[in-house]
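So you know, we letter chains A, B, ... as the sequences are listed, proteins then strands, and number each from 1. Reckoned from all heavy atoms, side chains included, excluding hydrogens, waters and symmetry mates.
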Amino acid sequence: MGKGKDKLMLIDGNSIIYRAFFALPPLTNSNGLHTNAVFGFTTMLLKVLEQEKPTHILVAFDAGKVTFRHEGYAEYKGGRQKTPPELSEQFPLLKEVIGSFSISQFELAGYEADDIIGTLSRKAEEEGQEVVVVSGDKDLLQLASDKVTVLLTRKGVSEVEKYSPSDVDEKYGLKPLQIIDLKGLMGDPSDNIPGVPGVGEKTALKLLHEYGTVENVLDNIGNLKGKLRENIENNMENARMSKQLATIYREVPLDMTVEDAAWSGYDASTLAAAFRKLEFKSLLERLDLHGADDAAVEKVAKAEYEMVIVGSAADTWNQLNDALPKAEAVLVESAGDNPHQAEMIGLAITAVDRIYVLQPEQLKASEAEELIAWLAEPDRPKTGYDLHRVQLVLSRSGVKLCGQAFDVQLAAYLLDPTEADPSLSSTLSRYGLPTVPSDEAVFGKGAKFHVPPLEELAAHLAAKADGIRRLKPVLAEQLDKLGMRRLYYELEQPLAIVLANMEQQGIKCEGAALQELGKDFQRRIDETMKEIYRLAGMEFNIGSPKQLGEVLFEKLGLPVVKKNKTGYSTDAEVLEKLEPHHEIVRQILHYRQMTKLQSTYIEGLTKEIRPDDGKIHTYYRQTIAATGRLASQYPNLQNIPIRMEEGRQIRKAFVPSEPGWCILAADYSQIELRVLAHISGDERLKEAFLQEMDIHTKTAMDVFGVPKEQVDANMRRSAKAVNFGIVYGISDYGLSQNLHITRKEAAAFIEQYFSVFQGVRKYMDSIVEQARRDGYVTTLLERRRYLPDITASNFNLRSFAERTAMNTPIQGTAADIIKLAMVKMDEALRERNLQSRMLLQVHDELVFEVPEEEFETMKVLVPQVMESALELDVPLKADVSFGSNWYEAK
DNA sequence: GAACTCACG
DNA sequence: ACGTACGTGAGTTCG
């Protein structure tokens with residue numbers, strides 16, 4: 001080292017491989033060797049190499065079982081689960097891969113990777129060199145300084161977050177060294193560091209913001225009170241020791257220097273051999289593009305295509321038109337979140353080794369005729385990214401899109417519906433393909449959004465189109481491999497087109513009806529507001545939870561039921577408990593209800609009525625929900641009020657768009673419990689549906705062991721709550737909250753339920769076990785959701801994952817079924833040449849507008865299609881109703 | 001932009 | 001011992 005631009009990267013090998021192991025689904029090569037952790041580590045490594053471009057690099061590992069920390073505390077890291085063999089066997093592989101990168105690695109008996117990193121970073125820092133530390137463990141934040149940056153992995157290992165001292169301050173309000181004190185107070189169950197019982201992160205931070213260090217907390221123990229003081233007093237020694245255990249030792253006797261970690265890049269052929277051995281195909285492909293130039297680690301893919309800006313030279317239109325028969329990927333870039341409004345920025349079309357880029361105005365040119373015909377031709381298959389959106393954006397320029405054959409966004413969603421960053425740029429890097437700059441980097445975001453000059457814009461669009469083209473075979477192969485071929489090609493891809501058509505059709509909404517209702521709401525808001533001010537004896541902002549809390553709990557002295565991060569909680573659950581104490585509470589509940597209706601629905605929906613057609617055009621997001629459900633945006637038409645009569649009135653504004661037509665609504669009856677009956681195979685539950693019984697009454701009869709006549713309203717209500725709980729992934733705590741009973745009573749209910757519905761219990765146990773074994777759960781149609789937290793040591797994370805394992809196959813299969821019904825319904829309407837239109841989906845309900853002469857047909861057809869969408873061991877049931885508006889269709 | 005609250009299935 | 005029911009979108013307040 002010595003030159004100013006040198007940069008030392010220190011990687012916490014154990015921490016990263018451990019994280020990678022648990023974050024990635026099990027992965028084996030053809031020899032049955034587990035490789036997921038090595039794969040995760042390697043992708044992370046490639047990412048940080050590219051991002052940071054270090055000149056020196058070293059991976060540190062823990063060595064041996066006993067370290068100097070055990071001298072003072074024999075239980076250190078005790079009670080920790082043994083490293084799973086599937087992970088142990090990957091350590092030698094990883095070390096080989098690191099060797100193939102020509103990267104130094106180091107371990108020293110008696111010390112942990114942390115300590116080696118701490119020592120080397122100190123040495124480098126003393127020489128004034130820049131250091132980057134990479135780990136998954138936030139303890140390492142204690143090393144942050146003006147020379148040392150810490151990169152912590154997020155979301156498994158696929159992303160890293162940079163921490164300078166000011167970032168540490170921003171996140172925790174602490175100086176880097178105080179991270180040690182934090183751990184001293186909190187402890188760390190995974191390392192068996194005790195800390196102080198009852199003190200979690202929040203309490204620890206509060207104490208440290210006040211007192212700064214563990215020692216100072218202990219010195220000022222007199223200022224504390226209650227249980228907290230008692231806990232700390234009884235654990236003073238634990239706190240001191242825990243702090244010591246968490247302190248990284250920065251004076252390890254190393255016989256190596258920073259210069260020994262010098263790195264000048266890897267040899268591509270050596271690395272390729274290692275990847276080939278491990279069968280890292282996607283990484284191999286990425287590597288090949290780096291070519292023979294072994295110094296250039298991060299070189300972006302050498303363009304393998306020629307970019308043609310259409311219109312830039314005389315014959316470019318001819319070139320494009322001649323290339324159309326071989327065109328493959330189409331990219332349409334647009335600005336704005338709402339695709340019904342987004343402005344087109346540009347287009348790119350790939351054809352063999354050329355990529356044609358066009359500006360939106362050029363679609364109006366006479367030469368564009370062939371391109372427009374190609375876009376509209378169903379027999380010309382197109383690959384794209386978010387073709388649903390592309391279809392909407394193009395259609396607003398009068399251009400029709402057909403032949404949607406493959407959508408990389410949709411495919412990537414099916415492969416991992418929980419991926420946080422679905423952008424093309426991120427998807428490319430996830431699948432080990434040459435990356436493209438992020439849209440944010442090119443366009444900026446928020447107020448800084450701008451369209452760059454043509455050359456730059458065209459280069460970006462071409463790169464993205466190229467990325468789409470490269471992703472297609474990779475994703476298509478994955479879909480095949482994971483058994484999602486049919487789910488993709490027969491359900492999701494056709495559905496995307498159905499959705500776009502529904503959205504373009506829109507639903508008519510009477511602005512005048514909303515305004516009338518709004519006047520009524522406003523009157524009641526004004527009255528209630530006055531009454532609240534009178535009862536409070538002052539005027540304040542009722543909409544501010546902070547001010548409301550002060551009035552209720554300080555001025556009026558009502559009992560505090562629940563607190564949240566920022567102070568008193570004032571949510572509906574709290575207010576309902578406070579209702580008997582003061583008249584003001586009822587008024588506040590009413591005020592909340594009315595203002596919600598006024599702002600979200602009256603005002604919100606009014607803004608979304610398009611003046612040209614008097615309709616609302618929502619946008620269904622097909623790639624958002626982790627379970628496979630749709631989500632509705634701009635506006636959300638899946639949460640229009642129905643439970644309370646006042647809000648339900650809103651539905652009167654939703655009317656047919658043609659005179660003499662009516663609204664038809666059809667909803668699945670108890671679809672989730674029917675799905676549960678099917679997948680669990682529980683005989684009692686199946687029987688209940690075969691007998692067409694009221695399911696909650698039937699549950700009450702079975703759980704309470706009484707005949708039908710003896711089931712009272714209360715018993716039915718309890719049974720209903722238990723049924724909900726079952727679908728959500730039951731916990732005694734959740735049920736007790738819902739029914740306002742004790743946890744014990746809730747647990748007894750659940751036990752009673754399971755003793756009757758033994759098949760359901762078996763299913764719940766086996767699905768959780770399956771999730772642990774495979775790392776994911778699936779729906780009937782093989783939709784998949786990974787649950788990395790299912791093996792977490794953190795109770796909360798693990799419990800959440802377990803409930804999710806129980807719920808996702810149920811909610812997801814229900815989503816599969818209604819999606820199937822939608823695709824079939826669309827076909828049925830076409831086949832029969834019906835004029836009726838499918839307008840909305842609300843998870844278990846479909847809404848249509850129907851001309852009078854089709855009433856009778858639709859009344860039969862809709863439930864028939866819905867009920868036969870998928871054959872289960874129990875019948876599916878759909879109820880239909882008609883009305884002159886959505887309110888009447890009930 | 002995060003936190004809180006609340007509308008729906 | 002831990003402290004949440006599952007899945008969403010959107011409006012308001014406030015730092």
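Among the heavy atoms of the strands lying under 4.0 Å from A:Leu735 is at least one base atom, whether or not backbone atoms are also near. Nucleic acid contact class of A:Arg743 (heavy atoms, under 4.0 Å, all strands): base. Across all strands shown, A:Val727 has no heavy atoms under 4.0 Å from either base or sugar-phosphate atoms. Residue A:Ser569 is in sugar-phosphate contact alone, with no base atom involved, counting any heavy-atom pair closer than 4.0 Å across all strands shown. Contacts of A:Asn738 with the nucleic acid, taken as non-hydrogen atoms under 4.0 Å apart, include base atoms. Within 4.0 Å (heavy atoms only), A:Ile642 reaches sugar-phosphate atoms of the nucleic acid but no base atom. Counting any heavy atom pair closer than 4.0 Å across all strands shown, A:Arg592 reaches sugar-phosphate atoms only and no base atom.
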**salt bridge (Lys or Arg N to Asp or Glu O under 4.0 Å) between A:Arg772 and A:Glu769, worked out** = CA-CA 5 Å; A:Arg772 260 197 294 272; A:Glu769 190 193 311; over 6 Å; no
**Item:** Step-by-step salt bridge (Lys or Arg N to Asp or Glu O under 4.0 Å) determination, A:Glu672 to A:Arg629
**Value:** CA-CA 13 Å; A:Glu672 293 190 334; A:Arg629 276 191 176 184; 3.7 Å; yes
**Message:** Go through it in stages, so that I can follow the logic: the residues are A:Arg761 and A:Glu751, the test is salt bridge (Lys or Arg N to Asp or Glu O under 4.0 Å), and I'd like the CA-CA distance, side-chain angles, deciding distance and then a yes or no.
**Reply:** CA-CA 9 Å; A:Arg761 173 174 359 225; A:Glu751 184 46 40; 3.1 Å; yes
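Without hydrogens or angle criteria, A:Thr600 side chain to A:Leu597 main chain gives no donor-acceptor distance under 3.5 Å. In terms of modelled atom types and a separation under 3.5 Å, the side chain of A:Arg785 and the main chain of A:Thr779 share no donor-acceptor contact. For the pair A:Asn807 (side chain) and A:Val727 (backbone), a donor-acceptor distance under 3.5 Å is present. Here the side chain of A:Tyr413 pairs a donor or acceptor atom with the backbone of A:Ala625 at under 3.5 angstrom. A donor-acceptor pair under 3.5 Å links the side-chain atoms of A:Gln752 to the main chain of A:Val703, judged by distance alone. The main-chain N or O of A:Pro635 is never found under 3.5 Å from a side-chain atom of A:Gln633 such that the two would form a donor-acceptor pair. Checking side-chain atoms of A:Gln547 against main-chain N and O of A:Asn541 turns up a donor-acceptor pair under 3.5 Å. Of the possible donor and acceptor atoms, one in the side chain of A:His209 sits under 3.5 Å from a partner among the backbone N and O of A:Tyr172.
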**Message:** Taking Watson-Crick (N1-N3 plus N6-O4 or O6-N4) and G-U wobble (N1-O2, O6-N3), each under 3.5 Å, can you produce the dot-bracket string of DNA chain C? Use [ ] for crossing pairs and | for inter-strand ones.
**Reply:** .....|||||||||.
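On the nucleic acid side, DNA chain B has its first and last nucleotide under 4.0 Å of a heavy atom of chain A at B:dA3 to B:dG9, going 5' to 3'.
In this structure, A:Glu603 does not pair ionically with A:Lys607, as no charged nitrogen and carboxylate oxygen lie closer than 4.0 Å. Residues A:Glu576 and A:Lys562 are not paired through a salt bridge, judged by the lack of any N-O separation under 4.0 Å between the basic side chain and the carboxylate.
Computed from coordinates, the A:Leu797 CG to C:dC6 P distance equals 12 Å when rounded to whole Å. Computed from coordinates, the A:Asn794 CG to C:dG3 C1' distance equals 11 Å when rounded to whole Å. Between the NZ atom of A:Lys562 and the C1' atom of C:dG3 there is a distance of 12 Å, given to the nearest Å. Residue A:Lys227 contributes atom NZ, which lies 13 Å from atom C1' of C:dA1 at whole-angstrom precision. The nearest whole Å value for the distance from the CD atom in A:Glu573 to the C1' atom in C:dT4 is 12 Å. With rounding to whole Å, A:Met186 atom CE is found 19 Å from C:dA1 atom P. Rounded to an integer number of Å, the gap from A:Asp337 CG to C:dG9 P is 12 Å.
For A:Arg783, the side chain to side chain donor-acceptor pair (under 3.5 Å) test picks out A:Glu492, A:Asp816, with sequence neighbours left out.
Counted within 6.0 Å of CZ on A:Phe754, heavy atoms from surrounding residues, nucleotides or ligands total more than 12; the atom is thus considered enclosed. Shown here is A:Glu645, whose CD atom has more than 12 heavy atoms of other residues, nucleotides or ligands within 6.0 Å.
DNA chain C lies under 4.0 Å from no heavy atom of any residue of residues 744-751 of chain A. Within residues 800-817 of chain A, the residues approaching DNA chain B are A:Gln811, by heavy-atom distance under 4.0 Å.
When the P atom is used for both B:dC8 and C:dG3, the distance is 31 Å, rounded to whole Å. As rounded to the nearest Å, B:dA3 and C:dT4 have P atoms that lie 15 Å from one another. On the C1' atoms, B:dT5 is 27 Å away from C:dC2, given to the nearest whole Å.
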**Item:** Sequence-aligned protein contact record of nucleotides 10-15 of chain C, with B where the base is within under 4.0 Å of a protein heavy atom and S where only the sugar-phosphate is
**Value:** SSSSSS
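For A:Tyr620 and A:His388, the ring centers sit 6.0 Å or farther from each other.
For the pair A:Arg629 and A:Asn796, both in contact range of DNA chain C, the more 5′-proximal nearest nucleotide belongs to A:Asn796.
Centre separation under 5.5 Å together with a plane angle under 30° holds for the ring of A:Tyr728 and the six-membered base ring of C:dC6, marking them as stacked.
The base of C:dT4 lies outside donor-acceptor range of the side chain of A:Ser799, with no N or O pair under 3.5 Å.
Aromatic ring orientation, A:His340 versus A:His617: tilted (interplanar angle from 30° to 60°).
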